[in-house]
Number of protein chains: 2
Amino acid sequence: MDIRPATSEDDDAIWRVLQPVFRAGETYPIPRDIGRAEALAYWHTPGHHVFLVEDMGGVVGTYYLRANQRGGGAHVANCGYIVADEQTHKGVARAMCIHSIEQAKQLSFRAMQFNFVVSTNSRAVKLWQSMGFEIVGKLPHAFHHPTRGHVDAYVMFRTL
Amino acid sequence: MDIRPATSEDDDAIWRVLQPVFRAGETYPIPRDIGRAEALAYWHTPGHHVFLVEDMGGVVGTYYLRANQRGGGAHVANCGYIVADEQTHKGVARAMCIHSIEQAKQLSFRAMQFNFVVSTNSRAVKLWQSMGFEIVGKLPHAFHHPTRGHVDAYVMFRTL
């Protein structure tokens, strides 16, 4: 598994990873009908460092790393990770998180925060906890899940 | 005290309110040296509803109201409020918060979240608590205060 910065030539591969996750609408607070251009613009928002994970079968995941706030809050990083469909349970998310923590340290961030981890995404919650993240906030009924209705979202945080 | 939507003709008045607060750097995670154009672009980010508070002396406060997330998170509102220098302790912040809650209800939001209330801003914390907001998250040392060093920030939330 190789992780490298994304280039504009990777847009098709990134969209193939993002699309099914955004369409499902179960883990990201993004419109389920978002189009390719808008989704890529969101993933590549100015200030985002975007990375790709490749294995022999191609692109299996992507993540972004950014400052979560500016000014007095600019020392806390934020990331979003997405694993390609049918590539789950292979350690891709863990590999991306480990990589992002190293990148964040190199960029002199002192902590990392996830703003909106959907509580029903229990695999992600457990994985982040195993990586040293703690649930520091609970947003009651803040996410409308397509099949489970309104469910909580968590704020997760760890020092670097 | 009158609260009304802002127009582009209000930019000078809004900047006079924002500038000292951003320069002080004690309450908003915004670069202290932010310029007028960038500050106004931030305040008027697409999707923000911007309001002004006026009394006989002119503009005494401004706030924005927006959806805090999109997609499955779009039912939770977010606001930022700023009271003009030398206009504190006059109920301007409370008036803006009451107004914003009414506006949010009219826009069919079901809850309101503040993502980053600096813990040392104890007047604001107490005011929001008195308005029904609860501290649902604590972000450890997430804000670098210009005189107090790294201090916590709170996530605050209330149902509408």
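Note that these values count all heavy atoms, side chains included, but never hydrogens, waters or copies made by symmetry. In the text below, chain A, chain B and the rest are named by the order of the sequence lines, each starting its count at 1. What you see is a predicted model; the values in this text were computed from it and never measured.
Atom CD in B:Gln113 sits 4.5 Å away from atom CG in B:Asn68 (nearest 0.5 Å).
Contacts between A:Phe143 and chain B at a heavy-atom distance below 4.5 Å involve backbone atoms as well as side-chain atoms. Looking at A:Val136, the atoms closer than 4.5 Å to chain B (heavy atoms on both sides) sit in the backbone and in the side chain alike. Interface remark: A:Ile135 contributes no atoms to any contact with chain B (heavy atom separation under 4.5 Å). Contact of A:Phe22 with chain B is not made at all, since no heavy-atom distance falls under 4.5 Å. Looking at B:Tyr42, only its side chain comes within 4.5 Å of chain A, counting heavy atoms on both sides. Heavy-atom distances place no part of B:Ala111 under 4.5 Å from chain A, backbone and side chain included.
Heavy-atom pairs under 4.5 Å with chain A were tallied for B:Arg32, B:His144, B:Arg70; the largest tally goes to B:Arg70. Between chain B and the residues A:Arg110, A:Glu26, A:His145, the most heavy-atom pairs under 4.5 angstrom are made by A:Arg110. Top candidate by heavy-atom pairs under 4.5 Å with chain A, chosen from B:Pro146, B:Gly25, B:Pro140, B:Gly137, is B:Pro140.
Using bins of under 30°, 30° to 60° and over 60° for the plane-to-plane angle, the ring pair B:Trp128/B:Tyr81 lands in the tilted bin. Relative orientation of the A:Phe51 and A:His49 rings is parallel, given thresholds of 30° and 60° on the angle between their planes. Ring-plane geometry between B:His150 and B:His141 is classed as tilted, the angle between the planes lying from 30 to 60 degrees on a 0 to 90 degree scale.
Side-chain contact check for B:Phe133 versus B:Met112: some heavy-atom pair is nearer than 4.5 Å.
Salt-bridge check for B:Asp12 with B:Arg36: passed, with a basic side-chain N closer than 4.0 Å to an acidic carboxylate O. Classification of A:Asp10 and A:Arg4 as a salt-bridged pair holds, one side-chain N sitting under 4.0 Å from a carboxylate O.
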